[in-house]
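Shown next, in structure tokens, is the structure this report addresses.
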Amino acid sequence: MSAELTAAAPAAERIGPILALLHAAYPDARCALDHRNALELLVATILSAQCTDERVNKVTPALFARYPDARAFAEADRAELEEMIHSTGFYRNKAKNIQEACARIVEVYDGQVPATMDDLLSLAGVARKTANVVLGTAYHMADGIVVDTHVKRLAQRLGLSTQNDPDKIERDLQAITPREEWIDLSHLLIFHGRRVCDARKPNCPGCVIRHLCPAAQA
DNA sequence: ATCCCGAGGG
DNA sequence: CCCTCTGGAT
């Protein structure tokens, strides 16, 4: 007889099937921010705050052509940089953070984006979410799990965490997810969040993991 | 808790 | 009009 897993099962038991079903649904899940190196990914991720990746990808080609390295960003004219990233929102904070972060990368890290959590967190505008993106995708050294707005929402709906603070949600996810899946987990939840488990009107009937979701609507 | 901030969708 | 988008600093 099959002990069918239900939405009422503990998160630690549901995470395996959830990962397997999402892997099957989104075999191409990956970082959606266009980039060619760690610095470009860092800048794109800072720009992605409260902004769609699609919009970030519209401004970064010209941005990366104009500013090819950390020194170029650090020495850029602030007003010109602000204009180039204006459409991503929060453009004053983002321009300031990019320039301060790049100045430190030049002065302290010899122009190379650091590859440890503590060093990344010392950069302006970089907290755990952005640091986890750079470590996981640019350096393939997942030190944590990316918890953005999609991961937060889906973790809560799926009952993988009852917390509200992203750092606490990250710890809950770490506790039930094999480390080798930490990078994929975020990409899978982000893809699913965008295509099915929308913030406004989730498409539960079309969801491949609805039978494992406490929040699923009939 | 509040501020930063544009763009797109409903 | 309102809500949301790969957040972070104060």
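In what follows, chains carry the letters A, B, and so on, assigned in the order in which the sequence lines appear, proteins first and then strands, with residues in each chain numbered from 1. As a basis for the values below, the full set of heavy atoms in this structure was taken, side chains included, without hydrogen atoms, waters or symmetry mates.
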Does any N or O in the side chain of K129(A) come within less than 3.5 Å of the main-chain N or O of A49(A), such that one atom is a donor and the other an acceptor?
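No, the answer is negative, given that no donor and acceptor are paired below the 3.5 Å cut-off.
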Which part of the nucleic acid, if any, lies within reach of V126(A) when heavy atoms closer than 4.0 Å are counted: base, sugar-phosphate only, or nothing?
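Touches sugar-phosphate only.
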Give the first and the last nucleotide of DNA chain C, reading 5' to 3', that has any atom under 4.0 Å from a heavy atom of chain A.
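Boundary nucleotides touching chain A, in 5' to 3' order, are dC3(C) to dA9(C).
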Contact list please: residues 16-28 of chain A against DNA chain C, heavy atoms, distance less than 4.0 Å, in numerical order.
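Contacting residues: none.
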In residues 155-183 of chain A, which ones come under 4.0 Å of DNA chain C, going by heavy atoms?
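Contacts with DNA chain C under 4.0 Å: none.
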[X]: what forms a side-chain contact (heavy atoms from CB on, under 4.5 Å) with it, not counting sequence neighbours?
X: A72(A); result: Y67(A), P68(A), D69(A)
X: A127(A); result: none
X: A95(A); result: R78(A), L81(A), E82(A), I85(A)

Output the residues of residues 65-101 of chain A in contact with DNA chain B, where contact means a heavy atom of the residue under 4.0 Å from an atom of the strand; sort by number or write none.
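The answer is H86(A), S87(A), G89(A), F90(A), Y91(A), R92(A), N93(A).
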Contacts to DNA chain B from residues 44-57 of chain A, heavy-atom cutoff under 4.0 Å, which residues?
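Of all residues in residues 44-57 of chain A, the ones placing a heavy atom under 4.0 Å from DNA chain B are Q50(A), R55(A).
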Mind checking the [atom1]-[atom2] spacing from [X] to [Y]? Nearest 0.5 Å is all I need.
X: T162(A); Y: D172(A); atom1: OG1; atom2: CG; value: 6.5 Å
X: L33(A); Y: T60(A); atom1: CG; atom2: OG1; value: 8.0 Å
X: N57(A); Y: D34(A); atom1: CG; atom2: CG; value: 3.5 Å

Can you find a pair of side-chain heavy atoms, one from N203(A) and one from D198(A), that are under 4.5 Å apart?
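Sidechains of D198(A) and N203(A): no contact.
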Quick one: does R55(A)'s side chain get under 4.5 Å of S87(A)'s, heavy atoms only?
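The answer is yes; the side chains approach within 4.5 Å.
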Excluding sequence neighbours, so at least two apart, what forms side-chain hydrogen bond (donor to acceptor under 3.5 Å, both in side chains) with E40(A)?
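Only R36(A) meet the side-chain hydrogen bond (donor to acceptor under 3.5 Å, both in side chains) criterion with E40(A).
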Nearest atoms (heavy-atom pairs only) where K152(A) meets I169(A):
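So the minimum-distance heavy-atom pair works out to CG-CD1, 3.6 Å.
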Please list all pairs meeting ring-ring contact (aromatic ring centres under 6.0 Å, His included) that have one or both residues in residues 94-140 of chain A, counting only residues at least two apart or in different chains.
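For residues 94-140 of chain A: none.
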Listing request: all ring-ring contact (aromatic ring centres under 6.0 Å, His included) pairs with a residue in residues 181-218 of chain A, at least two apart in sequence or in separate chains.
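Sorted pair list: Y26(A)-H192(A).
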Under 4.0 Å from a heavy atom of chain A: give me the 5'-most and 3'-most nucleotides of DNA chain B that qualify.
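So the outermost contacting nucleotides come out as dC4(B) to dG9(B).
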5' precedence on DNA chain C between L33(A) and L123(A) (nearest-nucleotide basis)
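Its nearest nucleotide being more 5', the pick is L33(A).
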